[in-house]
Each structure stands twice: as structure tokens, then as C-alpha cells.
Amino acid sequence: AAVTHASSYPFIRPMWFDHPELLNSRQSLESQYYFGAAIVHPVTEAVDAATQVARIRTWLPSGQWVRWDGTGSWAGPTEITESFGIADIPVYMPKGSLFPLRTRENAAGSFSDPLVWVAAGLGAGNFTLYEDDGESLNYLSGSDTASALTHARWSGNSTRVTLTISAVRGSFDGMPLVRSHWLQLRGSSSAWKPSKVECNGRTVPGIKAAPSGAGWWRCDN
């Protein structure tokens with residue numbers, strides 16, 4: 001939203017907006033669209049009466065792509081066909097992309113604590129998160145005390161995963177001084193288990209059964 005406000009570059013875009021050379025050349029592109037960096041393709045075809053799934057054909061541009069949950073792997077440009085139920089929403093992410101999410105418990109409010117950094121498949125990516133108080137128009141001033149930027153980058157392979165979070169730039173009224181950060185790695189094998197976790201060069205105790213207090217935990221759900 002911050003990028004859209006500053007540059008008028010839309011967050012939700014038809015495919016031809018980023019790929020004008022394909023305008024009017026592919027009928028299937030009419031049903032899919034960009035949602036930020038993700039490609040979303042709602043199920044608009046009738047499902048099979050027997051199987052209750054529809055075969056959805058999606059075009060993926062250049063680059064490496066994975067499903068929303070980090071599984072699968074495709075090299076674009078390519079056209080893929082997968083089966084989905086009428087309640088499914090196919091979403092594809094650039095492999096290795098990083099993006100922030102809230103937990104259900106703190107879905108409301110201007111400040112998310114903890115902040116969940118989601119990595120879509122092994123690779124590398126970065127993201128800059130913009131935040132303000134969510135209520136006033138103070139952000140229009142451009143002052144460093146009206147909004148805050150948090151930059152994160154990550155890289156991961158089969159042996160090592162690193163998440164680096166830079167110091168917050170700026171502040172806004174009501175912003176807490178500290179927050180927790182979680183890393184959710186999607187698409188990793190259930191057999192993949194970290195042997196050690198470090199934070200700022202110090203070993204973090206683990207494994208725990210749930211995210212409470214100091215330490216780290218693992219959840220395969």
C-alpha cells in the first residue's frame with residue numbers, strides 16, 4: 001500500500017499491466033492477476049461432477065515459482081495445469097520471496113507483535129515493511145516520527161538459513177520499543193530439522209512445543 005501511495009503503482013494488477021506484450025494474446029490471463037509479487041488465479045471454471053475439482057491452467061512469467069505453501073517448483077515462462085476444488089484459491093509466489101504476516105491473535109491494530117516473516121521455498125529474498133499509526137494523517141508530513149520502516153533479508157539452502165532484520169528507521173505514536181520476530185519457512189521437508197539456532201551470535205535454547213517465552217520451536221502444520 002505504501003508503494004502504491006508513493007508511486008501510483010497498483011498492488012493488485014492484471015497480468016498485462018506487467019507484461020503488455022501479452023495483451024490480447026492469451027485468453028487464460030483474464031482470470032489471473034498479480035497480488036503484490038504473488039500470482040493469484042481464482043477457480044472460475046466448473047468443477048467436475050464426479051471429482052469435484054477443476055483443472056486450472058495458469059501462466060507463470062520468467063523466474064522460479066512455487067505454490068503459496070512453498071511446494072512445487074516451476075521455471076518460467078511456462079504454463080501449468082493443476083487441479084483445485086471450488087473452495088481453493090491457487091496462489092503462486094516467486095521462489096525464495098520474503099513477506100510479512102500477522103498472527104490471528106494480533107490481526108487488528110497498527111503494530112504487529114510478533115511479526116511473522118514468511119519465506120516461500122529455499123532461496124533468497126528481502127522485504128521492507130512500512131508502518132504508521134493507522135489512524136491519523138501524520139504520515140503525509142514525511143517526518144521520521146510519523147512512520148517506520150523495517151527491512152529484512154534472508155537466504156536459505158539445505159544446510160543453513162539466515163534471517164537478518166535491520167534496525168527500524170523512524171517511529172510513530174504508540175509504536176512499542178521492542179517486538180518479536182518469527183520465521184516461517186514454507187516448503188521445507190518434514191525431515192529437515194535445525195541442529196542449532198543463533199540470534200546475534202548467541203545460541204538460542206530449544207526445541208519447545210509452542211511459541212512462548214525464550215527459545216525456538218518447530219511446527220510442521
Which atom pair, heavy atoms only, marks the closest approach of [X] to [Y]?
X: T58; Y: I39; result: CG2-CG2, 4.3 Å
X: S166; Y: R153; result: OG-NH1, 4.4 Å
X: F127; Y: L98; result: CD1-O, 3.3 Å
X: A37; Y: P94; result: O-CD, 3.5 Å
X: V66; Y: A120; result: CG2-O, 3.8 Å
X: P10; Y: T4; result: C-OG1, 3.9 Å

Determine whether the side chains of Q32 and Y92 contain a donor N or O and an acceptor N or O closer than 3.5 Å.
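Short answer, no.
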Could you verify whether a donor N or O on one side chain and an acceptor N or O on the other, from N106 and T103, lie under 3.5 Å apart?
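The criterion, which ignores hydrogens and geometry beyond distance, is satisfied for T103 and N106.
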Evaluate the criterion side-chain contact (heavy atoms from CB on, under 4.5 Å) for residue pair N138 and F172; output intermediate values, then yes/no.
CA-CA 9 Å; N138 293 341; F172 55 88; over 6 Å; no
Is there a side-chain contact between [X] and [Y] (heavy atoms, below 4.5 Å)?
X: R160; Y: S155; result: no
X: Y9; Y: D18; result: yes
X: V91; Y: F35; result: no
X: T150; Y: R179; result: yes
X: S62; Y: P77; result: yes
X: N126; Y: H151; result: yes
X: W117; Y: I165; result: yes
X: E82; Y: I56; result: no

Please check if [X] and [Y] belong to a single hydrophobic cluster, counting links between Ile, Leu, Val, Met, Phe, Trp and Tyr side chain heavy atoms closer than 4.5 Å.
X: L129; Y: Y139; value: no
X: L149; Y: V168; value: no
X: V43; Y: Y34; value: yes
X: L137; Y: M175; value: no
X: L101; Y: F11; value: yes

Which distance, rounded to the nearest 0.5 Å, do you find between the [atom1] of [X] and the [atom2] of [Y]?
X: E105; Y: S112; atom1: CD; atom2: OG; value: 10.5 Å
X: L115; Y: W182; atom1: CG; atom2: CH2; value: 10.5 Å
X: W65; Y: M93; atom1: CH2; atom2: CE; value: 8.0 Å
X: D173; Y: S136; atom1: CG; atom2: OG; value: 7.0 Å
X: Q184; Y: D69; atom1: CD; atom2: CG; value: 10.0 Å
X: E21; Y: W16; atom1: CD; atom2: CH2; value: 12.5 Å

Quick check: does any side chain N or O of D88 sit under 3.5 Å from a backbone N or O of P90, one acting as donor and the other as acceptor?
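Answer holds: no.
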Quick check against the 3.5 Å criterion: does D144 have a side-chain atom that pairs as donor or acceptor with the backbone of G170?
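A pair under 3.5 Å: no.
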Look at atom [atom1] of [X] and say whether more than 12 heavy atoms of other residues, nucleotides or ligands are closer to it than 6.0 Å.
X: R13; atom1: CZ; value: yes
X: E198; atom1: CD; value: yes
X: D48; atom1: CG; value: yes

Are W74 and R67 close enough, and set up right, to give a side-chain contact (heavy atoms from CB on, under 4.5 Å), and what steps lead you there?
CA-CA 9 Å; W74 298 274; R67 298 186 190 94; 3.8 Å; yes
With sequence neighbours excluded, what pairs up with W68 under the ring pair (Phe, Tyr, Trp, His ring centres under 6.0 Å) test?
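Result, ring pair (Phe, Tyr, Trp, His ring centres under 6.0 Å) vs W68: F99.
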Any idea how H19 and W59 line up, ring-wise: parallel (<30°), tilted (30 to 60°), or perpendicular (>60°)?
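Perpendicular, since the angle between the ring planes exceeds 60°.
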Run L185 and L122 through side-chain contact (heavy atoms from CB on, under 4.5 Å) and show every step you take.
CA-CA 8 Å; L185 181 59; L122 296 176; 4.0 Å; yes
